[in-house]
Amino acid sequence: MSEKLILIDGNSLAFRAFYALPLLKNSAGIHTNAVYGFTLLLEKIIKDEQPTHFLVAFDAGKTTFRHETYQDYKGGRQKTPQELSEQFPYIRKLVEAYHIKHYELPNYEADDIIGTLSKEATANGMKTIIITGDRDLTQLVNEHVSVYYTKKGVTDIDHYTPEFVRDKYGFGPEKIVDLKGLMGDTSDNIPGVPGIGEKTAVKLLLEYGTVEEVIAHLDDIKGKKLHENLTNHQADALMSKELATINQDAPLAITLAETKLTDATNDKKVELFRSLEFKQLLGNIETAPRAEETAVELSSIEEIDLTGRTSVFIDCFKDNYLKNEILPLAVSDGRKVAVVACDAVAAHEALANYLMDPSKPKVVYDAKKTTVLLNRLGVEIKGIAFDITLASYLLDPSNTIIDVAEIARLEGKSLATNDQIFGKGAKMAVPSDDILHGYFAQQAAVVLELAGLLKAKLEGNEQLALHDELELPLALVLAKMEMQGITVNKEELVTMQQELQGRLDTLIAAIHAHAGQEFNINSPKQLGVVLFEELQLPIIKKTKTGYSTAVDVLEALQGKHPIIDDILIYRQLSKLQSTYVEGLQKMIGEDGKIHTRFNQVLAQTGRLSSVDPNLQNIPVRLDEGRKIRKAFTASRPGWVIFAADYSQIELRVLAHITGDERMSDAFIQGTDIHTKTAMEVFGVAKDDVTANMRRQAKAVNFGIVYGISDYGLSQSLGITRKAAQKFIDDYLASFPDVKQYMDDIIQQAKQDGYVATLMKRRRYIPDISSRNFNLRGFAERTAMNTPIQGSAADIIKLAMVNYDKAVQDTDFSAELLLQVHDELIFEVPEEEVEAFSLFVKDIMEHALKLDVPLLVESDYGKSWYDAK
DNA sequence: AGCCACACGC
DNA sequence: GACGTACGTGTGGCTG
């Protein structure tokens, strides 16, 4: 087969890894984060690319041949932190442990080594992949050489191809050096020409081709200042181009043949990982556990001590526990573990009694799933005291928990994964009872072990109450909601489907007629060709794969061609048809209901999400879509759908957290918050707030709540980024305590590494100190926004738990069906609804005492549509 | 099977 | 100056 060479820019990736990962230390006090990140990258590259040849290039020293040309080359760079430079020897050792060659050459940079070898590889018919964190190498891209850039972290990678570069600039990679020649490069202290940034440089190059040609045509250049700068800095431009040019003929003392990878043992890797304490990686090497090694001896259920601390593990095949095949149940008492076939659980009296006894504390992997599965077996489990999935999520919501092995891995333990036992994709199957029972026994044993570790960590974070009093009780409420389901009227959807299909057919015909040909309107690619090539409409925006045909683009084209209006309507209707009208019908069960599942451990802010189907994004904004809600009804005649939603909960939380008086006053006095914001930001009296001012103020409030950037605000208001930034500045000047909070919370994130909600939910913000402008900006907005959105999530969750507890002491027969972030949906007998409304409103408004009032609005009707 | 573009909600 | 800009889920197209 063809040969493939990987070339790694060692210094650049060491820096990336260092800043991407928290400053880890092994017990000997050596910092290891850069080495660790480097290792992850090597693992990923070897696995994904399967190279035949491999080399890591390093920079040799401070001065290079470029310094002869320009003394200040790379001047003004910050010194490499000590914590990183001490890791370089280990990175070299690491590379050697992988039996990968590394090379450095005095007077040259890693870039030149890479450039020279990639040229040689191309000459020998090899494919080359260059991996770096530095954009400089883009110039080497061609059809045989790709450059992969690490984006976020170390293992998130962007692939640069000649087309990518061409799409971005309008010219190929070979002109990158000309670009640098004109615009310079601050990171390498390459001067370029003053007053020329990317925009101007690209324009000039598109017109003249190269720096030399630009200089040759100086007299044609318009703009006095530009002409003057170019004239005065011709030499700088040429020198900058020279500096930016990678040397592809460096005098290397290493040959391509020497970079060939050999089959090697893991000995050195194991030794190094041991000394650096890379436990997880070590676990991966020391072969995946075989059944015999980890097999727990199976006891009969009678031998288990069900009186003390126990764990219960039950699961089903694939992820939908509301309907899929139930697998056995395993119980561990910490010494012995027993596995019972699911059919035998309810029949086994001692076991069933134990499961239903609230005084017998049980530790589980997933309380909601466990509750549902046992309920399906006819057992109402009581006394779940700890959920390791919830615990792991609360400790760090970025943990993506897919199985017990994943939580174990996070705790430095290695064990068989669900994928290993069940297989994945089409090959997924339940294994033999032997394997299955052994696996389940092990799961139960490990769950018990992990519970102790995680509980101690929660305690250390003062998060035990968050688990015990909020998330765990909520899991049981959610289990009930999922099992309850919501009735959906299929006939209603069928009628809508027919109606929509008629309109869609008409639109398709009209669009094809406008286009003069038949094509698939659902294909952005085909649509792009029709709009921008056949019909020659102006290209507003591009995606990385072609023309963008997104709504904002189409709206900008309205009036330019009659096809646009039809496409906009087609888009809207076909989304309704495929996702909702047709999609939801498929989800209606034999009970006439849809049973969504709520994911309690996914959203980084603490919100819930909903899958299979997602009932948190049923249309509401446009009436056309809102009509879908007519199909959602109460399950019994005489009952109604009742919806209660928090009014402006996030902004109320913001007023509470910041203590901002003006904002708080608005809520205390019941002033419309968007109007109030407009009054403050525009400095006008209430009666002088125009509809447009209120609309803009609303968008700014939206931005505050969701942590959008100046760019995001500019997009939503259709204004410039500068104008958007001014809005934000004016807003913060109007609400000084909000401004103070924003500054403080960023400081706090820097200091603690995380931010927290009112209920002590955490979100870690590792990028808060990134020197990457984008990552840092994103991190800052996350820091500002998460306590607001997350506290709002805390409040509605608390309301749900309080409601569930309180309703049991009433005669209400209402059922809680759905949660949509700031809204709860119930079904209620119509005669109860008035009293129930007061009951729910009281619970929701007093879920948590804030310095500003919480306001709940509600309505009811025969369908969700009517409960507006 | 996995990625992309797009669109829905909050 | 900028790598790309609230989150999460589902759909259809396309690619390998």
Side-chain angles (χ1 to χ4, degrees), chain A residues 16 133-135 138 149-152 156 158 160 168 183-187 192 196-199 201 397 424-427 520-528 541-554 571-572 574-580 582-584 586-587 596-597 599 602-622 625-626 628 645-646 649-650 702-716 721 770-782 784-786 788-790 792-793 796 819-823:
Chain A
R16 280 280 161 151
D134 206 326
R135 308 277 130 179
T138 308
Y149 290 110
T150 54
K151 281 196 302 197
K152 212 171 165 178
D156 188 1
D158 237 359
Y160 271 42
K168 194 168 147 73
M183 66 185 270
D185 183 340
T186 42
S187 72
I196 297 192
E198 183 178 294
K199 289 266 155 63
K424 44 180 188 175
K427 282 181 250 159
N520 187 343
I521 309 165
N522 291 327
S523 162
K525 198 172 158 189
Q526 293 181 34
L527 181 61
K541 198 167 72 174
K542 284 187 142 197
T543 68
K544 53 185 153 178
T545 52
Y547 313 111
S548 171
T549 65
V551 162
D552 53 327
V553 170
L554 296 179
R571 273 269 173 83
Q572 193 198 334
S574 92
K575 170 78 179 175
L576 288 179
Q577 184 78 312
S578 63
T579 305
Y580 298 107
E582 291 175 353
L584 287 176
K586 294 180 201 146
M587 308 301 293
T596 185
R597 299 193 315 281
N599 196 335
L602 186 134
Q604 299 302 300
T605 53
R607 278 184 170 187
L608 300 175
S609 72
S610 157
V611 287
D612 243 19
N614 182 355
L615 293 186
Q616 290 181 321
N617 73 343
I618 303 301
V620 68
R621 241 181 57 246
L622 304 170
R626 191 175 193 146
I628 302 282
D645 70 287
Y646 282 107
I649 185 168
E650 284 97 350
F702 178 86
I704 297 292
V705 167
Y706 288 111
I708 63 173
S709 56
D710 54 352
Y711 172 83
L713 182 63
S714 75
Q715 292 292 300
S716 70
R721 202 151 107 168
S770 169
R771 84 275 87 117
N772 178 313
F773 180 86
N774 296 311
L775 288 182
R776 191 175 63 248
F778 185 36
E780 287 172 355
R781 297 199 301 279
T782 304
M784 298 186 278
N785 153 252
T786 297
I788 303 169
Q789 205 186 111
I796 192 163
Q819 187 250 42
V820 191
H821 308 308
D822 62 356
E823 178 182 23

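Note: hydrogens, waters and symmetry copies are ignored here, and every other heavy atom, side chains too, is used. Here is the naming used below: chain letters follow the sequence lines, and residue numbers restart at 1 for every chain.
Side-chain N/O atoms of A:Asn617 include none lying less than 4.0 angstrom from OP1 or OP2 on B:dA7. The phosphate of C:dC14 has OP1 or OP2 within less than 4.0 Å of a side-chain N or O from A:Ser523. Regarding contacts with the backbone of C:dC14, a side-chain N or O of A:Gln526 is found under 4.0 angstrom from either OP1 or OP2. Contact annotation: A:Arg607 side-chain N/O to C:dG8 OP1/OP2 distance is not under 4.0 Å. Side-chain N/O atoms of A:Thr549 include one lying less than 4.0 angstrom from OP1 or OP2 on B:dC6. The side chain of A:Thr579 places no N or O atom within less than 4.0 Å of a non-bridging phosphate oxygen (OP1 or OP2) of C:dG10.
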Check the interface with nucleotides 1-3 of chain B: list each N/O to N/O pair with the protein under 3.5 Å, or write none.
none

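For a distance-only test at 3.5 Å, the side chain of A:Asp822 fails to qualify as a donor-acceptor partner of the base of B:dC10. Side-chain atoms of A:Ser578 and base atoms of C:dT11 include no donor and acceptor less than 3.5 Å apart. For A:Asn774 and C:dG4, a side-chain-to-base donor-acceptor distance below 3.5 Å is present, hydrogens and geometry of angles not being considered.
For the residue pair A:Thr596/A:Ser610, the side-chain donor-acceptor check at 3.5 Å is satisfied.
At a threshold of 4.0 angstrom between heavy atoms, the contacts of A:Ser610 are confined to the sugar-phosphate backbone, with no base atom among them. Among the heavy atoms of the strands, none lies under 4.0 Å from A:Ser574. Among the atoms of the strands shown, only primed sugar atoms or phosphate atoms (P, OP1, OP2) are found under 4.0 Å from some heavy atom of A:Gln604. Using a 4.0 Å heavy-atom cutoff across all strands shown, A:Asn520 reaches sugar-phosphate atoms only and no base atom. Within 4.0 Å (heavy atoms only), A:Arg771 reaches no atom of the nucleic acid at all. Within 4.0 Å of A:Asn599, counting heavy atoms only, lies no atom of the nucleic acid at all. Among the heavy atoms of the strands lying under 4.0 Å from A:Val551 are primed sugar atoms or P, OP1, OP2 only; no base atom is included. Counting non-hydrogen atoms under 4.0 angstrom, A:Leu576 reaches nothing in the nucleic acid.
Checking C:dT9, C:dA6, B:dA5 against every side-chain atom of A:Thr545, the shortest atom distance belongs to B:dA5. In the set B:dC6, C:dG10, B:dC10, the nucleotide with an atom closest to the side chain of A:Tyr706 is B:dC10. Considering only the side chain of A:Tyr711, C:dT5 comes nearest among B:dA5, C:dT5, C:dT9. If you check C:dC3, B:dC4, C:dT5 against the side chain of A:Arg781, the one that comes closest is C:dT5.
If you take CZ of A:Phe773 and P of C:dT5, they are 14 Å apart, rounded to a whole angstrom.
The partner of C:dC3 is absent, by the rule that a Watson-Crick or G-U pair needs both atom distances under 3.5 Å. Applying the Watson-Crick and G-U wobble criteria (two distances, each under 3.5 Å), C:dG12 pairs with B:dC4.
Using a cutoff of 4.0 Å between basic side-chain nitrogens and carboxylate oxygens, A:Glu582 and A:Lys575 are not scored as salt-bridged.
The gap from the C1' atom of B:dC8 to that of C:dC3 amounts to 29 Å, rounded to the nearest Å.
Where A:Met183 and A:Lys525 each meet DNA chain C at their nearest nucleotide, the meeting point lying more 5' is that of A:Met183.
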